[in-house]
Amino acid sequence: MLPTVLRRVRPIPTALASSRPLARFTPHMDPDRSRPVESSIRTKLTDRLEPDHLEVHNESHMHAVPAGSESHFRVLVVSSQFEGLPLIRRHRLVNEALKEELSSSVHALAIQVKTPAQWASRPTLEKSPPCMGGSRGDPTAEEKLKAGRSKGRPVETLQEWPPAGQM
């Protein structure tokens with residue numbers, strides 16, 4: 001067990017350490033049992049990418065899903081494993097780590113990936129746009145939501161992205 005712990009402990013680059021504390025990082029060893037999908041996402045990203053900084057935000061409450069849903073997430077991963085990789089490859093690493101969740105319970109995943117140097121120069125998480133209510137014009141939306149609840153998985157209509165006129 002000790003070698004596993006030692007392998008996970010890496011020094012924080014001095015530029016990163018002096019620019020911003022990593023206060024939001026929650027170790028995967030402390031999962032919230034009331035949020036199994038979020039805990040799984042946190043654990044898998046920690047195990048696979050060994051992040052210097054990790055944020056996992058459940059944004060399901062911003063969408064037309066039942067209260068307490070775990071279907072829409074935004075993640076920020078800061079890892080030295082992203083050094084020298086193009087953005088598409090970084091996103092693929094995250095998607096590969098979460099393929100089980102993406103094929104079952106997660107409907108939407110917004111990914112922000114940075115190297116430690118990029119995080120040190122701009123330590124921000126981009127905000128999500130407001131939900132545009134993609135189901136407002138759908139008269140069968142209520143029936144679909146009820147059907148989704150009865151199957152144990154919420155159903156949601158797609159929203160337009162990017163919003164009209166922002167391309």
Side-chain angles (χ1 to χ4, degrees), residues 3-33 35-63 65 69-132 134 153-154 156-167:
T4 303
V5 172
L6 292 176
R7 195 176 50 197
R8 295 212 183 281
V9 177
R10 294 184 305 182
I12 299 172
T14 53
L16 181 61
S18 64
S19 67
R20 177 177 167 151
L22 301 178
R24 290 192 199 165
F25 180 73
T26 303
H28 74 279
M29 283 76 77
D30 188 24
D32 183 345
R33 298 198 191 293
R35 297 186 220 150
V37 177
E38 182 178 336
S39 295
S40 178
I41 290 170
R42 188 175 306 281
T43 298
K44 288 181 178 180
L45 291 176
T46 300
D47 289 346
R48 180 74 67 91
L49 301 172
E50 300 176 348
D52 294 316
H53 183 82
L54 174 65
E55 294 183 33
V56 179
H57 298 275
N58 181 350
E59 296 186 336
S60 302
H61 66 280
M62 298 167 55
H63 301 275
V65 296
S69 292
E70 290 191 275
S71 57
H72 294 71
F73 288 90
R74 173 171 292 277
V75 298
L76 165 66
V77 185
V78 178
S79 175
S80 58
Q81 291 187 23
F82 298 143
E83 296 286 349
L85 296 179
L87 185 61
I88 187 74
R89 184 66 186 126
R90 297 175 188 188
H91 280 238
R92 285 181 182 154
L93 288 172
V94 171
N95 286 327
E96 288 168 14
L98 302 177
K99 66 182 169 186
E100 183 180 334
E101 290 76 11
L102 290 169
S103 67
S104 59
S105 55
V106 175
H107 170 75
L109 179 65
I111 301 170
Q112 189 173 346
V113 287
K114 295 184 175 190
T115 64
Q118 290 170 327
W119 177 246
S121 69
R122 188 163 183 243
T124 58
L125 173 67
E126 302 300 326
K127 291 188 178 194
S128 295
C131 179
M132 303 302 286
R153 184 166 178 224
E156 182 184 41
T157 58
L158 294 174
Q159 74 180 45
E160 179 184 348
W161 184 254
Q166 291 190 11
M167 212 150 157

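We count residues from 1, following the sequence as given.
Contact of the Glu83 side chain with the Pro116 side chain is registered, since non-hydrogen atoms from C-beta on lie closer than 4.5 Å. For the pair Val94 and Leu49, the minimum side-chain heavy-atom distance is below 4.5 Å. Two residues are said to be in side-chain contact when any heavy atoms from C-beta on lie closer than 4.5 Å; Phe73 and Val37 meet this criterion. Residues Leu54 and Val78 form no side-chain contact, since every pair of their non-hydrogen atoms from C-beta on lies 4.5 Å or further apart. Between His61 and His72 there is no side-chain heavy-atom pair separated by less than 4.5 Å. The side-chain heavy atoms of Val113 and Leu93, taken from C-beta on, include no pair separated by under 4.5 Å. Counting heavy atoms from C-beta outward, Gln112 and Val77 have side chains that stay 4.5 Å or more apart. Two residues are said to be in side-chain contact when any heavy atoms from C-beta on lie closer than 4.5 Å; Leu76 and Trp119 meet this criterion.
Heavy-atom minimum distance, Asn58 versus Ser69: ND2-O, 3.1 Å. When all heavy atoms of His91 and Ile111 are compared, the closest pair comes out as CE1-O, 3.3 Å.
Between the side chain of Lys114 and the backbone N or O of Arg122 there is at least one donor-acceptor pair closer than 3.5 Å. Remark: the backbone N or O of Glu100 is paired with a side-chain donor or acceptor of Ser104 at under 3.5 angstrom. Ser79 places a side-chain N or O within donor-acceptor distance of the main-chain N or O of Gln81, the cut-off being under 3.5 Å.
Scored by the side-chain hydrogen bond (donor to acceptor under 3.5 Å, both in side chains) test, Glu59 finds Arg74, Ser128 as partners (sequence neighbours excluded). For Arg90, the side-chain hydrogen bond (donor to acceptor under 3.5 Å, both in side chains) partners two or more places apart in sequence, or in a different chain, are Gln118. Judged as a salt bridge (Lys or Arg N to Asp or Glu O under 4.0 Å), and not counting sequence neighbours, the contacts of Glu38 are Arg35, Arg42.
Judged by distance alone, the side chains of Glu70 and Ser60 never bring a donor and an acceptor atom under 3.5 Å apart.
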Next item on the list: Check the pair Ser71 / His63 against side chain to side chain contact (heavy atoms under 4.5 Å, CB included), numbers first and verdict last.
Entry: CA-CA 9 Å; Ser71 57; His63 301 275; over 6 Å; no
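Separation of atoms CG (Asn95) and CG (Leu102) is listed at 5.5 Å; rounding is to 0.5 Å.
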